[in-house]
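Encoded as structure tokens, the structure appears first; notes follow it.
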Protein chains: 2
Amino acid sequence: MAVNPPRPSLPSLNALRAFESAARLGGFKQAAAELNVSAGAVAQHVKALEDWCGGALFIRHAQGVSLSSLGRQVLPEFVEAFDAISAASQKLRSLAAPKSLNIATLPSVAQLLLAEWLPELRAALPEARISVTAMETPPNLAREPFDLSIFFGREAKDEGAILLAGPDHLLPVCAPSLAQGVSGFEDLMALPHISDQFWPDDWAHWAKAAFPEQSYSGTGPSYSLYSVAVREAVNGGGVLMGHQTLVAPLLARGDLVPVLPVKVPLELNLTLWRNPVLAESALLEELVARIRELAMRG
Amino acid sequence: MAVNPPRPSLPSLNALRAFESAARLGGFKQAAAELNVSAGAVAQHVKALEDWCGGALFIRHAQGVSLSSLGRQVLPEFVEAFDAISAASQKLRSLAAPKSLNIATLPSVAQLLLAEWLPELRAALPEARISVTAMETPPNLAREPFDLSIFFGREAKDEGAILLAGPDHLLPVCAPSLAQGVSGFEDLMALPHISDQFWPDDWAHWAKAAFPEQSYSGTGPSYSLYSVAVREAVNGGGVLMGHQTLVAPLLARGDLVPVLPVKVPLELNLTLWRNPVLAESALLEELVARIRELAMRG
DNA sequence: ACGCAGACCCATTTTTTCTAGGCCTAGTCC
DNA sequence: GGACTAGGCCTAGAAAAAATGGGTCTGCGT
């Protein structure tokens, strides 16, 4: 008795993080996505925290939750605290491995642009260790361990955002051999339409903007990786609805050609974001400058 | 493929906490005590963190560890961040249950003083829910969920410290019946000496200061709980080396009497600490004021 | 030289955490 | 107004993480 009775303690850090995430993003589901767990796990953490403090942090509605007044009062502190943890971890990472530069980007950008640029980047920064991580959704740079991210954004007005290319355009492209004799919408429709699962509406969007009077109902093979779709197009497997930003190197090289000279602008700009919590680093500066250069050139 | 590839993520919060604790306290063992786990667990967490960032955070010596330069660079950020987490949690607790007041104290203080005071405290603060948690070592109020702590301290110059009683004194006490006819050191030595395992040197200390020319080699029953020792003394089981601060109520009531009129001062002051991270609270103010009053009176 | 303190390593066990799938509720869309 | 859907809740069981414990190693201080 009285040896080491369990002392009351603060709630588990993971529970606090689940609360912070759910409160900041406005839902257990979004928090679950951010934390890479199931929504149920988040719900359990939040419940544990509510049990600990004895008050409700969220008001449960049939569709979603909203912060209770208690939750609203404490949220800012937790956001700041977890921001501080993340920032400290990032600092630790960058101090421990100052030569390693981590880039997060879309699989398509990684395979079609970065793979193109990397030899030159490596040559320009021989001492750096550049890693590329492909992902579908942009990382929260304040919370995930990357130095840079390259994604398509609507407008690059966030802090640390750098426009890499003007508005993206859609244009149908295919292998040179396949393009011969195609001169109008009908000809184009007669060919197989390659599409990508990440941008499933590209064909419809292009058709509607380019040939509003025609009705488009396309079918064709679809791929989850844009680069595979591109490869198929290069191999003569059909016509791909090309994102100019991404297929530019292949157009320049002549591997692909525009089928019809009709470009449709999109509200997507290839944008580079720098991690806002990281300290200045000459190496990183240099990498950013090189990428800008390469993007401009392409 | 490319569905949801595991994204690199920040290190686990528990690993970061283990690092922070070990670095702040200067050893895995101390960190283990603070976190209520074994030292091996702390070592594993720290190792995981070192693997994550790829650098050593501690330099291992045969006896203990010391911070590496990397560890030294990032420690302050982590300390601040975890302080912020703790503060936010405390705020959550106090907002969710504003009427509950948690006091941490020594078992002896809880049983001999607080138990004495509680009826009056409850009467003075009827709406409050006062909880008392007994523990051997003072809590880190910035990190553990208590509003107040009451412990013996050398000098109350920390922030938030309030002296509850002047320097503590040792004096031998026993039941009135047993005290009769005891008039000197010899008489006292002839009686059973009750001692407490938390302060095992009380008798020797008192004897050396009060009767330096005599040699003391005492034996007698020893109890892990001071209050049990006190009860034994009240029941006539022997002479207890009393801490004046603690036995004052019993002396006042006549349950115990001084055996010899020889008090020896100690460098221990019963001190009350207020949680430094908590916001102002009228209820807490009132409780502090009442406790001061009761302590002064006793 | 010896004993000791403190940390490491690793297999095992315990605890925590996560998932899966069914249920419930309230908007929404024919 | 009935079906559908989104978003959370609950519970059991599975999976993963963390903790323990004991054997080992290394220098420091007697």
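Chain A is the first sequence line, chain B the second, and so forth, proteins listed ahead of strands; every chain is numbered from 1.
The distance between the ring centers of A/Trp52 and A/Phe19 does not fall below 6.0 angstrom. When ring centroids are compared, A/Trp273 and A/Phe151 stay outside the 6.0 Å threshold.
Following rounding to the nearest Å, B/Phe58 (CZ) and C/dC8 (C1') show an atom-to-atom distance of 14 Å. To the nearest angstrom, C1' of C/dA7 lies 16 Å from CG of B/Leu57. Counting to the nearest Å, the C1' atom of C/dA26 and the CD1 atom of A/Ile59 are 16 Å from each other. We find that CG of A/Asp51 is positioned 12 Å from P of D/dC9, with the value rounded to whole Å. Remark: P of C/dT17 and CZ of A/Arg17 are 11 Å apart, rounded to the nearest angstrom. Atom CG in B/Leu13 sits about 12 Å away from atom P in C/dT17, given to the nearest Å. With rounding to whole Å, B/Leu67 atom CG is found 12 Å from C/dA7 atom P. Whole-Å rounding puts the B/Gln30 CD to C/dA5 P distance at 13 Å.
Nucleic acid contact class of A/Ala43 (heavy atoms, under 4.0 Å, all strands): sugar-phosphate only.
With D/dT20, C/dT17, C/dC9 as the candidates, the nucleotide lying closest to the side chain of B/Lys47 is C/dC9. When the nucleotides C/dT17, D/dG8, D/dT20 are ranked by their closest atom to the side chain of A/Lys29, D/dG8 comes out on top. Out of C/dC9, D/dA18, C/dA7, the shortest distance to the side chain of B/Phe28 is found at C/dA7.
Residue order along DNA chain C, read from the 5' end via each residue's closest nucleotide, puts B/His61 first among A/Ala39 and B/His61. Residues A/Gly40 and A/Asn14 each lie close to DNA chain D; by heavy-atom proximity, the contact nearer the 5' end of the strand is made by A/Gly40.
Considering only side-chain N and O atoms, A/His45 lies under 4.0 angstrom from the phosphate OP1 or OP2 of C/dC18. Side-chain N/O atoms of B/Arg60 include one lying less than 4.0 angstrom from OP1 or OP2 on C/dC8.
In terms of polar N and O atoms assigned as donor or acceptor, the side chain of B/Gln44 comes within less than 3.5 Å of the base of D/dT20 in a complementary pairing.
The environment of NZ in A/Lys47 is sparse: at most 12 heavy-atom neighbours from other residues, nucleotides or ligands sit within 6.0 Å.
Residues B/His243 and B/Asp196 bring no donor and acceptor atom of their side chains to less than 3.5 Å of each other.
Contact annotation: the side chain of B/Ile85 never approaches that of B/Arg17 to less than 4.5 Å [non-hydrogen atoms, C-beta and beyond].
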